[in-house]
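One structure is given here, and the rest of the page talks about it.
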Amino acid sequence: IHTTFWEDAFNRNLRLENVEIEVRFGRCPPSGKGSFNTDVSENQFNKMVESLMGFNEWDSTAYVEDIVGYFPKVDESVRHVVSNDGSTTTTSKQKVTQADYLGKDLPFDFRLAVNIELTLPSDGKYTLNTATRRVNRKRQSFTLKNFRYDLTRVISEDGSISHQVELEIINLHDIQLKLSNSQVLSRELQSRIVNLLNSVEPVRSFHIELLRKRQF
């Protein structure tokens with residue numbers, strides 16, 4: 001995070017639009033090679049949802065269902081989303097940085113990602129009919145100050161269900177202007193991760209180890 005936004009004068013003055021910073025819960029590949037598994041168990045997922053719903057001082061909460069189309073044969077960065085309210089969006093998610101962390105004695109490992117999401121024109125090229133893969137998402141979101149928790153059930157076309165948990169840093173423009181480095185932000189992010197983990201099992205120490213980091 002610090003490298004992307006504060007390390008030098010150039011990055012500090014980028015003021016990039018549509019930047020997102022997110023942490024995903026899951027599992028790193030045992031060998032250190034291969035994909036990061038973003039699926040958590042249904043039991044763990046339900047415990048986290050129950051814990052978040054028990055808090056009554058959120059700035060906002062939301063529940064959204066949508067269908068997402070993917071186009072890996074054309075451009076793996078593109079997602080076409082049709083929400084249950086009838087709205088549609090097509091975006092390209094451009095990766096900037098990914099860092100995978102092993103959670104020592106923790107119920108999950110973590111992926112920290114910095115991305116840029118660009119909105120694409122609705123020219124008919126990307127639709128659910130032309131998508132190679134489609135999934136149904138049922139997402140509950142909880143927002144407080146500079147953080148949003150997204151807990152999503154993803155239902156594939158074959159009926160299989162995965163459970164995904166993300167913690168996204170929002171209001172990045174304000175944060176970048178008000179802070180001189182990422183130290184305060186990182187502490188708050190760690191605290192929020194620990195609080196969420198405690199709903200699954202007690203966290204005695206937040207011991208993580210960087211497994212790999214990639215720049216795109």
Salt bridge (charged side-chain N to carboxylate O under 4.0 Å, His left out) between E166 and R139: does it pass, once the steps are laid out? CA-CA 11 Å; E166 302 171 53; R139 171 170 291 174; 3.5 Å; yes
Measure up the F108 and F25 rings against each other and bin them: parallel (under 30°), tilted (30 to 60°), perpendicular (over 60°). tilted
Are Y70 and V78 close enough that some pair of their side-chain heavy atoms sits under 4.5 Å apart? no
Using salt bridge (charged side-chain N to carboxylate O under 4.0 Å, His left out) as the criterion, list what pairs up with E209, not counting sequence neighbours. K104
If I take atom CZ from residue F5 and atom OG1 from residue T3, how far apart are they, to the nearest 0.5 angstrom? 11.0 Å
Less than 4.5 Å apart, side chain to side chain, heavy atoms only: is that true for I116 and K95? no
Going by the rule side chain to side chain contact (heavy atoms under 4.5 Å, CB included), which residues pair with L144 if we only count those two or more places apart in sequence or in a different chain? F55, W58, D59, R192
K138 pairs by side-chain contact (heavy atoms from CB on, under 4.5 Å) with which of T152, I155, V154? I155
Step by step, work out the side chain to side chain contact (heavy atoms under 4.5 Å, CB included) result for H80 and F71. CA-CA 9 Å; H80 180 74; F71 309 84; 3.8 Å; yes
Report the residues that fulfil side chain to side chain contact (heavy atoms under 4.5 Å, CB included) with S51, sequence neighbours left out, ordered by chain and then residue number. S199
Using the side-chain hydrogen bond (donor to acceptor under 3.5 Å, both in side chains) criterion, which residues pair with S162? Sequence neighbours excluded. none
Do E188 and S191 meet the criterion of a side-chain donor-acceptor pair at a distance under 3.5 Å? no
With side chains defined as the heavy atoms from C-beta onward, is the minimum distance between V135 and R137 less than 4.5 Å? yes
Cut-off 3.5 Å, side chains only: do S77 and S92 have a donor facing an acceptor? yes
Could you note down all residue pairs passing salt bridge (Lys or Arg N to Asp or Glu O under 4.0 Å) where residues 75-84 supplies at least one of them, sequence neighbours left out? none
For residues 147-163, the salt bridge (Lys or Arg N to Asp or Glu O under 4.0 Å) pairs (sequence neighbours left out) are R134-E157, R148-D150, R148-E168
Which of R27, K213, R111 passes side-chain hydrogen bond (donor to acceptor under 3.5 Å, both in side chains) with D100? It is R111
Linked, directly or transitively: L210 and L167 (ILVMFWY side chains, under 4.5 Å): yes
Check: Q215/T97 side-chain N/O donor and acceptor closer than 3.5 Å: yes
Measure the shortest side-chain to side-chain distance between I21 and L112 over non-hydrogen atoms and say whether it is less than 4.5 angstrom. yes
Ignoring hydrogens and geometry beyond distance, is a side-chain donor-acceptor pair present between N43 and S41 at under 3.5 Å? no
Atom OG1 in T88, atom CG in D66: separation rounded to 0.5 Å? 11.5 Å
With a 4.5 Å heavy-atom cut-off, do D109 and Y101 have their side chains touching? no
Side-chain donor/acceptor of T127 to backbone N/O of T130, under 3.5 Å: yes
Separation between CD (Q164) and CG (N37), nearest 0.5 Å, reads 9.0 Å
About how many Å separate CE of M53 and CG of N46, when rounded to the nearest 0.5 Å? 11.0 Å
Rounded to the nearest 0.5 Å, how far apart are CG of L189 and CD1 of I1? 6.0 Å
Nearest 0.5 Å, what's the CG-OG1 distance between L118 and T90? 12.5 Å
If only atom types and distance count, is the side chain of S31 paired as donor or acceptor with the main-chain N or O of K33 below 3.5 Å? yes
Heavy-atom side-chain proximity of T143 to Y149 below 4.5 angstrom: no
Heavy atoms of other groups near D105 CG, more than 12 under 6.0 Å: no
Evaluate F36 against C28 for side chain to side chain contact (heavy atoms under 4.5 Å, CB included), listing each step before the verdict. CA-CA 5 Å; F36 181 87; C28 295; 3.8 Å; yes
I'd like to know if F147 and V114 are part of one continuous hydrophobic network [Ile/Leu/Val/Met/Phe/Trp/Tyr, side-chain heavy atoms within less than 4.5 Å]. yes
Tell me the closest heavy-atom pair linking Q98 and A113, and the distance in Å. CG-CB, 4.2 Å
Whether the side chain of S182 engages the backbone of L185 through a donor-acceptor N/O pair (distance < 3.5 Å, no angle test) should be reported. no
In plain terms, say whether K93 and E20 are close enough for a salt bridge, that is, a side-chain N and a carboxylate O under 4.0 Å apart. yes
Whether N136 side chain and I67 backbone form a donor-acceptor pair below 3.5 Å: no
Verify same cluster id: V23, L211 (apolar side-chain graph, 4.5 Å): no
Before you tell me yes or no, could you show the steps for F206 and R204 under side chain to side chain contact (heavy atoms under 4.5 Å, CB included), namely the whole-Å CA-CA distance, both residues' side-chain angles and the distance that decides it to 0.1 Å? CA-CA 7 Å; F206 190 72; R204 293 174 175 82; over 6 Å; no
Side chains of I175 and I169, heavy atoms from C-beta outward: is any pair under 4.5 Å? yes
Could you tell me if the side chain of I208 sits less than 4.5 Å from the side chain of L102, heavy atoms only? no
